[in-house]
Q: 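Before anything else, here's the structure in question.
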There are 2 protein chains.
Amino acid sequence: MPSTTKGSLQKQGIRLTRQRQILLDLIDKSGQHLDAESLFQLAQEKDSKLNRVTVYRTLKLLKQEGLVDELDLMHYGGDQHYYETRMKQEHAHIICLRCGKVEEFFGEPLQKLRRQIEGDFGFQILLARTEIGGYCSHCQVLRSREVEQATVAAAKPKQRVRKAV
Amino acid sequence: MPSTTKGSLQKQGIRLTRQRQILLDLIDKSGQHLDAESLFQLAQEKDSKLNRVTVYRTLKLLKQEGLVDELDLMHYGGDQHYYETRMKQEHAHIICLRCGKVEEFFGEPLQKLRRQIEGDFGFQILLARTEIGGYCSHCQVLRSREVEQATVAAAKPKQRVRKAV
DNA sequence: GTAGGTGCAAAATCTTTGCATGCCG
DNA sequence: CGGCATGCAAAGATTTTGCACCTAC
C-alpha cells in the first residue's frame with residue numbers, strides 16, 4: 001500500500017505503527033482477496049508477535065477510512081470476508097462456485113447503475129459491491145458431466161459407488 | 001411462500017415438514033430481509049419447540065434450491081445474513097448507513113450487466129447480488145449537520161460534551 | 001417401514017471487547 | 001509525555017455437527 005495510503009491515514013491523525021505498516025504493505029502487494037486469517041498468517045511471518053486482533057482492528061479501520069473494500073465472494077470458502085485495496089474503478093467480482101476462480105468485470109453498466117441510483121433516489125453512494133456466482137466456461141462442461149454421473153448413480157442405486165473411507 | 005415453492009421442494013423429494021411449512025410461510029409473508037434470528041423468533045411464536053438449528057438448516061436448503069437469496073446489507077446491523085424470497089426480477093439493494101432504510105432498485109443496467117458478463121466470459125450466472133451503501137436523501141442533510149457538530153467540538157475541546165455515563 | 005428431518009447439546013468459526021502495557025508523534 | 005495502539009485473554013455472535021429420536025411419504 002503506497003505512500004498515498006499512508007498519507008491519508010496520517011492526515012486523519014492515525015498513527016503509522018510498525019504493525020500497521022506491515023499489514024498495509026501486505027494488503028497492497030498480495031494483490032487481492034485476502035481474508036483476515038490469511039493476512040494474519042502472512043503478517044506473522046514478518047512479526048511473530050503481531051496479534052490476530054490487530055489484524056481485525058486494522059481492517060476495520062481501513063474499511064472505515066474507505067481504503068479497502070470488503071467482499072464475501074458469495075461465501076465460496078466459508079463465511080470470512082475478503083479485502084482488497086480500493087480501486088478508482090468500480091468493478092464486479094465474478095466467482096466460479098466450482099473452481100473458485102475470481103474474475104473482475106469493469107464495464108459501463110456499473111457506472112450507469114451508479115448514476116441512475118444517485119439520480120433516482122438522490123442517494124449518496126459510499127460503498128458499492130456487485131458479486132456474481134455461477135460456473136465459469138471451463139467448469140460448465142465439467143459440471144454437466146458431474147450432474148449426469150449423479151443422475152445415473154441415482155437411477156441405478158445398486159451401482160452406487162462406495163463412499164470413500 | 002406459496003404453493004409454487006412448496007411444489008418445487010416436493011419435486012426434489014424434499015419433505016414438507018410442519019417446521020418447514022412454518023418457516024416457508026414466514027419468509028414469504030414477512031416481506032423482506034429477515035435474518036436467521038428474527039425468523040427463529042417469529043417461528044417460535046407458532047411452535048415454541050422449533051429449534052434455531054432447524055432455521056439454519058432450512059435456510060441453507062432454500063439457498064441451495066435457489067428459492068431464497070442471501071444478503072448482508074453492507075453489514076449494517078452486524079454480521080448476520082438476511083434472506084428474501086427469490087424474485088423473478090433481479091434488483092439491487094440500497095441501504096442507508098445512517099437510518100438503515102433499504103430501497104430496491106430494478107433497472108436495465110442490472111440486466112445489461114448480466115448479459116455482458118454472460119457474453120464476455122461465457123459465464124453461467126446462478127447468483128447475483130448488488131448492494132450499495134451510503135446516505136439516503138433525508139440522512140445526507142442530518143449527516144452533514146452531525147459532521148459539522150463534531151468538527152466544532154474537536155476545534156474547541158474545552159466545550160466537549162461530557163460522555164454519557 | 002425407511003430415509004430423511006428434528007431437537008438438543010456441544011463445538012467450530014469468525015470477530016469484538018476489557019484492560020494493562022507499549023510506543024508514535 | 002499524552003493518548004492512541006497493541007497484546008493477551010476472554011467473551012460474543014453466528015453457524016455447524018453428532019447423535020438419538022421422530023415423522024412424512
Side-chain angles (χ1 to χ4, degrees), chain A residues 6-24 33-41 43-44 46-65 68 70-83 153-154 157-158 160 163, chain B residues 6-7 9-24 33-41 43-44 46-65 68 70-83 154 157-158 160 163:
Chain A
K6 294 186 179 173
S8 24
L9 286 179
Q10 288 178 304
K11 224 173 283 175
Q12 303 291 313
I14 290 165
R15 293 185 186 168
L16 267 181
T17 61
R18 185 173 38 79
Q19 293 90 332
R20 283 179 184 165
Q21 304 218 28
I22 292 175
L23 294 171
L24 259 38
H33 312 144
L34 277 177
D35 66 300
E37 186 62 24
S38 310
L39 181 55
F40 171 60
Q41 299 295 344
Q44 279 216 321
K46 305 213 169 184
D47 174 355
S48 60
K49 285 303 192 63
L50 195 152
N51 197 281
R52 191 179 267 103
V53 173
T54 300
V55 174
Y56 281 108
R57 284 196 276 231
T58 302
L59 287 173
K60 180 178 252 184
L61 179 77
L62 294 174
K63 222 182 352 174
Q64 280 168 4
E65 298 295 320
V68 301
E70 192 178 55
L71 315 170
D72 63 26
L73 301 180
M74 286 313 196
H75 302 125
Y76 181 91
D79 277 349
Q80 342 67 352
H81 297 138
Y82 300 88
Y83 299 87
K158 283 81 197 281
R160 198 178 307 158
K163 274 184 188 162
Chain B
K6 293 185 178 172
L9 286 179
Q10 290 179 302
K11 225 172 284 176
Q12 303 292 311
I14 289 165
R15 294 186 187 169
L16 268 182
T17 61
R18 185 174 37 80
Q19 292 90 332
R20 283 180 185 165
Q21 303 218 30
I22 293 175
L23 294 170
L24 258 37
H33 311 144
L34 276 176
D35 66 300
E37 186 62 24
S38 310
L39 181 56
F40 170 59
Q41 299 295 345
Q44 279 216 320
K46 306 213 167 184
D47 174 354
S48 61
K49 285 303 193 61
L50 196 153
N51 197 280
R52 190 180 268 104
V53 173
T54 299
V55 174
Y56 281 108
R57 285 195 276 228
T58 301
L59 287 173
K60 181 178 250 185
L61 178 77
L62 294 174
K63 223 181 352 173
Q64 280 168 5
E65 298 294 321
V68 301
E70 191 177 57
L71 315 169
D72 63 26
L73 300 180
M74 285 314 196
H75 301 124
Y76 180 90
D79 277 349
Q80 346 60 356
H81 296 138
Y82 300 88
Y83 299 87
K158 282 83 198 277
R160 197 179 306 160
K163 272 185 189 163

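Naming: A, B, ... by sequence-line order, numbering from 1 per chain.
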Q: From CG of B/Leu61 over to C1' of C/dT6, roughly how many Å is that when rounded to an integer?
A: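 Rounding to the nearest Å, CG of B/Leu61 and C1' of C/dT6 are 13 Å apart.
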Q: Counting heavy atoms from C-beta on, name the nucleotide in C/dT17, D/dT16, C/dG5 closest to the side chain of B/Thr17.
A: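 Side chain of B/Thr17 sits closest to C/dG5.
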Q: How many Å lie between NE2 on A/His75 and P on D/dT15, as a whole number?
A: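 That distance rounds to 9 Å.
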Q: Have a look at A/Arg18 and say if it touches a base, only the backbone sugar-phosphate, or nothing, with a 4.0 Å heavy-atom cut-off.
A: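 Contact class for A/Arg18: none.
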Q: Considering only D/dC19, C/dC14, C/dT16, which nucleotide approaches the side chain of A/Lys60 most closely?
A: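 Nearest to the side-chain atoms of A/Lys60, counting from C-beta on, is C/dT16.
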Q: Of the nucleotides C/dT6, D/dA5, C/dT15, which has the atom closest to the A/Arg15 side chain?
A: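 Nearest nucleotide to the side chain: D/dA5.
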Q: Report the distance from atom CD of A/Gln19 to atom C1' of D/dG7, rounded to the nearest whole Å.
A: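 In whole Å, D/dG7 C1' lies 9 Å from A/Gln19 CD.
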Q: Quick check: do B/Glu37 and B/Gln80 have side-chain heavy atoms less than 4.5 Å from each other?
A: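 Counting from C-beta outward, B/Glu37 and B/Gln80 never come under 4.5 Å.
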Q: Taking all non-hydrogen atoms of both residues into account, name the closest pair between A/His33 and A/Leu73 and its distance.
A: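 The answer is CB-CD1, 4.3 Å.
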Q: Taking the nucleotide of DNA chain D with the nearest heavy atom to each, does A/Leu50 or B/Gln80 sit closer to the 5' end?
A: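 Closest to the 5' end, via its nearest nucleotide, is A/Leu50.
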Q: What is the minimum heavy-atom distance between A/Lys63 and A/Val68, and which atoms define it?
A: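 Heavy-atom minimum between the residues: N-CG2, 3.7 Å.
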Q: Find the distance B/Ile14:CD1 to C/dG5:P and express it as a whole number of Å.
A: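 B/Ile14 atom CD1 is separated from C/dG5 atom P by 7 Å.
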Q: Out of curiosity, B/Leu39 CG to B/Tyr56 OH, how far, rounded to the nearest 0.5 Å?
A: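 Reported to 0.5 Å precision, the distance equals 10.0 Å.
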Q: Tell me the interatomic distance from A/Gln64, atom CD, to C/dT15, atom C1', rounded to whole angstroms.
A: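 Result: 14 Å.
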Q: Taking 4.0 Å as the cut-off, does a side-chain nitrogen or oxygen of B/Thr54 come that near to OP1 or OP2 on C/dT6?
A: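 No, B/Thr54 has no side-chain N/O under 4.0 Å of OP1/OP2 on C/dT6.
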Q: Give a yes/no answer on whether the side chain of B/Arg20 brings an N or O atom under 4.0 Å of OP1 or OP2 in C/dT6.
A: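 For B/Arg20, the contact criterion (side-chain N or O under 4.0 Å from OP1 or OP2 of C/dT6) is met.
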Q: Map A/Val53 and B/Tyr56 onto DNA chain D by nearest heavy atom, then report which one ends up closer to the 5' terminus.
A: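 Taking each residue's closest nucleotide, the earlier one in sequence belongs to A/Val53.
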Q: With B/Arg20 as reference, evaluate B/Thr54, B/Ile14, B/Leu9 under the side-chain contact (heavy atoms from CB on, under 4.5 Å) test and give the passing residue.
A: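 So, applying the side-chain contact (heavy atoms from CB on, under 4.5 Å) to B/Arg20 and each of B/Thr54, B/Ile14, B/Leu9, only B/Ile14 qualifies.
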Q: Could you state the CG-C1' distance from B/Asp72 to D/dT14, rounded to the nearest angstrom?
A: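 Computing the B/Asp72:CG to D/dT14:C1' distance gives 14 Å.
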Q: Whole-Å distance between C/dT15 P and A/Phe40 CZ?
A: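 One finds 13 Å between P of C/dT15 and CZ of A/Phe40, rounded.
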Q: Between A/Asn51 and D/dT6, is there a contact of a side-chain N or O with OP1 or OP2 at under 4.0 Å?
A: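 False: A/Asn51 side-chain N/O out of range (4.0 Å or more) of D/dT6 OP1/OP2.
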Q: Given that A/Gly77 and A/Leu16 both sit by DNA chain C, which one's nearest nucleotide is further toward the 5' end?
A: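 Result: A/Gly77.
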Q: What integer distance in Å separates B/Tyr82:OH from D/dT15:P?
A: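 Checked: the OH to P distance equals 10 Å.
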Q: Let's test your reading of the model: under 3.5 Å, does the base of C/dG7 pair with the side chain of B/Arg57 as donor and acceptor?
A: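 By the distance-only test, yes, there is a pair.
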